[in-house]
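In what follows, chains are A, B, ... by sequence order, proteins preceding strands, each numbered from 1. Nothing here was measured: the structure is a model prediction, and the numbers come from that model. FYI, side chains are in, hydrogens and waters are out, and symmetry mates aren't considered; it's all heavy atoms of this structure.
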2 protein chains.
Amino acid sequence: MAYRAHDVVTRALDVLDAHGLADLTMRRLGKELGVQPSALYHHFANKQSLLAAVADEILARGARPVEAERWQDRVVAICTMLRDSLLAYRDGAEVVATVHAFGLGATQPRDALTGALSGAGLRADDISVGTRTLLHYVYGHTIDEQTHLQADSAGALGDDAAAGVTDRDFANGLELILDGIALRVGVTQA
Amino acid sequence: MAYRAHDVVTRALDVLDAHGLADLTMRRLGKELGVQPSALYHHFANKQSLLAAVADEILARGARPVEAERWQDRVVAICTMLRDSLLAYRDGAEVVATVHAFGLGATQPRDALTGALSGAGLRADDISVGTRTLLHYVYGHTIDEQTHLQADSAGALGDDAAAGVTDRDFANGLELILDGIALRVGVTQA
DNA sequence: ACCTGAACACCGTTCAAGT
DNA sequence: ACCTGAACACCGTTCAAGT
């Protein structure tokens, strides 16, 4: 039944956010649902495809309308929304990046970026290079952020100078890539 | 004894390259060395620090002198060398990226890139943003490549159109980021 | 259709004890 | 200094059997 599978995903997200990816095991999730671990294999072929459903749910919950007109603003809006979506759940960036790398889902951000860059007047291969570069940036940067956030909330003496990466850093790196893309359109950002 | 620890790393690299990261377990490695798994804990505090040593060995084996003069050429040389180093061992990109993310080692590429960008006349925070952006790009791109290579050598009907990412794609994305950095120096590449 | 119970073939890590 | 043996507390997955 479709709604039962979705219940499993909802509970998986609870476990993920409360205890982290390392504790999101089939056995743990079964216990949390009051069910034998083997029962989960009725709804999902294996752990990987459960994680794919979890990743897509993280993205769906973080989805917002992108209102901007200029392609640069659309790209920034999409990347910011993606980062916010990932930061909303513990280990969210790692889950979604892994699922995307294995090609089992999480295609929505790629499609959105490709769509935005298609409105920029780029050659087809620049669209694909730009999309991949942006995705690698957002995933890599956000995994870094989330790793440091957890390290801080654990050991945490709070060396506030070496505090790692900030919102500003994210925006700066994004701008840098955007400038590289804009150069290929023959347009410089104001 | 220092040389015994290095023997463990050497054998770990053999197992990694022959069977992949999933099969690089403490138990498997012990068996391969003719030793109980618990014996490994005399040389390494835990699996993570063993993996850190493996990552550093992958980077050390792939290290080449960087001869270029212009900072752009130095960055390209470093990133290309890094990618080549990672591709030389099965799951090399994932191992090194993970170790780097956890901050347990693999600092050499970051230092090299920071050094190259320091010769470009950038503001301090542009050096750090540029370094991080380049690293995320190389790790992300190379993990993608390696994942697709393995998928191809497994299932592999050889849909040569959908064959994924190439050497050229790597160079193009790198150039794009480099252009974004160059804009911050007030220098456009010829 | 959905779940149980039991099993299979594994993990990382610890620790007293041996040499 | 280096290693063994045994244990602890886990994994993902399969599959006959139940309802």
Solution key, residues 105-112 of chain A side-chain donor-acceptor pairs under 3.5 Å, sequence neighbours excluded:
unit_1	atom_1	unit_2	atom_2	d
A:Arg110	NH1	A:His100	NE2	2.9

Ignoring hydrogens and angles, write down the donor-acceptor pairs under 3.5 Å from the side chains of residues 85-98 of chain B, residues two or more places apart or on other chains.
unit_1	atom_1	unit_2	atom_2	d
B:Ser85	OG	B:Met81	O	2.8
B:Tyr89	OH	B:Arg61	NH1	2.8
B:Arg90	NH2	B:Ala18	O	3.2
B:Asp91	OD2	B:Leu21	N	2.7
B:Thr98	OG1	B:Glu94	O	2.7

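When rounded to the nearest whole Å, the span between CG of B:Asp23 and P of C:dA9 equals 16 Å. Summarising the geometry, the separation between CZ on B:Phe44 and P on D:dC3 is reported as 12 Å, rounded to the nearest angstrom. Put simply, CG on B:Leu29 is 14 Å from C1' on C:dC11, counting in whole angstrom units. Here C:dG12 presents its C1' atom at 17 Å from CZ of B:Arg28, a figure rounded to the nearest Å. Whole-Å rounding puts the B:Leu33 CG to D:dC3 P distance at 9 Å. We find that NZ of B:Lys31 is positioned 17 Å from C1' of D:dC3, with the value rounded to whole Å. Atom pair A:Leu40:CG and C:dT4:C1' shows a separation of 13 Å (rounding to whole Å applied).
Within the structure, every pair that satisfies the salt bridge (charged side-chain N to carboxylate O under 4.0 Å, His left out) test and touches residues 31-40 of chain A, not counting sequence neighbours, is listed here: A:Arg28-A:Glu32.
The shortest distance between the side-chain N/O atoms of B:His43 and the OP1/OP2 oxygens of D:dC3 is below 4.0 Å.
Rounded to the nearest Å, the gap between the P atom of C:dA9 and that of D:dC10 is 22 Å.
Using a 4.5 Å heavy-atom cutoff, the side chains of A:Thr80 and A:Val138 are not in contact.
Every residue two or more places apart in sequence or in another chain was checked for a ring pair (Phe, Tyr, Trp, His ring centres under 6.0 Å) with B:Phe44, and none qualifies. Not counting sequence neighbours, the partners of A:Asp14 by the side chain to side chain contact (heavy atoms under 4.5 Å, CB included) test are A:Arg11. Partners of B:Ala116 under the side chain to side chain contact (heavy atoms under 4.5 Å, CB included) rule, at least two apart in sequence or in another chain, are B:Arg74, B:Val75, B:Ile78. Applying the side chain to side chain donor-acceptor pair (under 3.5 Å) criterion to A:Ser128, with sequence neighbours excluded, gives A:Arg132.
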Derivation and outcome, side-chain contact (heavy atoms from CB on, under 4.5 Å), residues B:Leu16 and B:Asp23: CA-CA 7 Å; B:Leu16 180 70; B:Asp23 283 14; over 6 Å; no

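Candidate nucleotides D:dG12, C:dG12, D:dG5 were compared by shortest atom distance to the side chain of B:Gln36, and D:dG5 ranks first.
Secondary structure note: stems in DNA chain C built from 3 or more consecutive Watson-Crick or G-U wobble pairs under 3.5 Å occupy C:4-8 with D:12-16, C:12-16 with D:4-8.
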Give me, pair by pair, the N or O atoms of the protein and of nucleotides 13-18 of chain C that are less than 3.5 Å apart, along with how far apart they are.
unit_1	atom_1	unit_2	atom_2	d
C:dT13	OP2	B:Tyr41	OH	2.8
C:dT13	OP2	B:Lys47	N	2.9
C:dT13	O5'	B:Tyr41	OH	3.3

